[in-house]
Amino acid sequence: MRMQAELISCVVGSSSARISVGRRMRIDRPLLLGPEPNVNGGPSPIVSLLSPSLVRKTQASTDLDLFVGLVASENWALNVPSVNVVGRLNPVKATGAKMEVSITRPDDWHLHLRDGDLLQAVISHSAFHFGRGIIMPNLKPPIKTTAAAISYRESILKAIPTNCDFAPLMTLYLTDAMSPEEIKLAKESGVVYAVKLYPAGATTNSQDGVTDLFGKCLPVLEEMMKQNMPLLVHGEVTDPEVDIFDREKVFIDAILRPLIARFPRLKVVMEHVTTEDAVKFVESCKEGFVAATVTPQHLVLNRNSLFQGGLQPHNYCLPVLKREIHRRAIVSAVTSGNKRFFLGTDSAPHDRRKKECSCGCAGIFNAFVALSVYAKVFEEAGALDKLEAFTSFNGPDFYGLPRNTTKVKLIRSPWKVPESVPYASGEIVPMFAGETLEWLPSLV
Ligand SMILES: NC(=O)N[C@@H](CC(=O)O)C(=O)O
């Protein structure tokens with residue numbers, strides 16, 4: 001079997017090939033299509049990156065796009081000396097001197113990894129870029145117990161590519177029925193790091209969420225405060241009378257302020273903040289007790305992106321994108337260096353068919369592009385010197401965990417995002433599919 005791949009780049013070393021811009025390559029043996037040992041005897045790093053579905057597929061140009069994206073973004077050594085060079089698929093030319101930023105390996109403090117085929121398809125994208133991820137529990141059925149979290153963690157660990165040391169930090173899904181005993185078990189387990197509050201009906205798989213926080217969950221919140229277990233909040237009310245663009249603002253007044261007044265020593269993370277109101281609220285709270293995660297999409301897109309030239313389902317997430325004034329407030333907050341804000345991608349993959357249909361799911365798959373987007377935002381704000389604290393320090397400091405010790409590099413070099421990521425049951429469309437981004441993450 002012969003595959004012709006035009007790769008965006010390739011630097012060929014003595015016993016390895018590395019991707020860079022401008023060289024043509026022909027992969028003339030099925031090295032991308034099945035597990036082969038590399039020259040050191042271990043599994044090929046490339047093959048271990050590909051999901052089993054990709055390994056089974058042949059000749060699909062999207063596969064090659066994906067491969068190129070992965071390799072380019074990770075600067076992986078191919079470790080296969082017999083790669084020959086011929087063609088070119090994503091011809092993105094680099095010009096001028098390359099700017100580089102080296103930062104401590106980031107963590108993702110809000111991540112949806114899913115399970116089954118989807119987990120297999122998306123895990124490598126997060127595992128490469130991030131050291132740890134706070135794993136959201138909104139599976140079907142949700143992760144409501146420590147026992148379920150332990151078993152979900154095991155399936156994630158099995159799916160992580162062999163040469164990545166990504167650590168999944170598990171969470172529990174808060175329900176009206178959760179007992180304080182469960183919080184004790186969670187703490188003792190050493191693998192559960194937080195509890196997630198989904199108001200029932202607020203977002204994807206939140207049907208089993210909380211219907212009455214103050215009526216049903218006080219003993220659990222009390223125990224969480226005792227155990228120093230953070231509460232992660234999807235901050236939107238679900239009252240259909242409240243306009244969808246106001247749901248975060250109303251949540252702050254109706255739930256968050258009273259919650260914090262009642263439990264001043266409870267650690268609370270307002271997840272994926274989308275409004276100036278949320279930014280001001282978090283800034284007004286005591287540092288170390290209330291913080292916020294910020295997604296790539298809420299930093300670079302406003303609600304116009306939902307309707308640009310027609311309905312754009314791949315820009316639909318919850319909380320929904322807001323007006324430009326809110327986007328700007330969030331950019332100012334994160335680029336100011338305020339320690340209360342840290343990276344949480346909310347990368348939320350859905351099969352293309354579940355996004356492009358009469359009642360599409362909320363969620364943007366952004367693990368691929370997240371670091372590139374964050375770098376662009378800080379660069380444009382003239383705040384690249386504050387990027388590392390946002391991506392790599394503020395999160396672990398808030399959670400009371402050590403900072404990572406390894407580094408990643410961001411190179412100012414254009415690369416093209418694949419149109420889609422195929423997997424065994426379909427395909428996923430990533431954020432900025434088919435577009436060219438400016439910052440290329442790579443391992444140091
Ligand atoms: N962000 C989203 O739009 N979707 C998330 C759920 C969530 O975090 O709201 C998902 O699980 O798909």
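Both ligands and their constituent atoms are indexed starting at 1 by order of listing. Source: prediction; values computed, not measured.
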(Q) Please check if the number of heavy atoms outside Lys354 that lie under 6.0 Å from its NZ is greater than 12. (A) no
Q | Lys NZ or Arg CZ of Lys322 over Phe245 ring: under 6.0 Å, within 45° | A | no
Q: Begin from the C-alpha positions of Phe341 and Phe390 and carry the test ring pair (Phe, Tyr, Trp, His ring centres under 6.0 Å) through to its verdict.
A: CA-CA 7 Å; Phe341 298 92; Phe390 172 76; 8.4 Å; no
Q: Could you tell me which residues satisfy side chain to side chain donor-acceptor pair (under 3.5 Å) with Asn394, sequence neighbours excluded, listed by chain and number?
A: none
Q: Run through ligand 1 for me and note each protein residue having a heavy atom under 4.0 Å from it, chain first, then residue number.
A: His110, His112, Arg114, Asn138, Thr203, Thr204, His234, His272, Cys317, Leu318, Asp346, Ala348, His350, Ala362, Gly363
Q | Salt-bridge criterion met for Glu223 and Lys226 (N-O under 4.0 Å) | A | yes
Q.
Do Glu271 and His234 pair up side chain to side chain, a donor and an acceptor below 3.5 Å, judged on atom types alone?
A. no
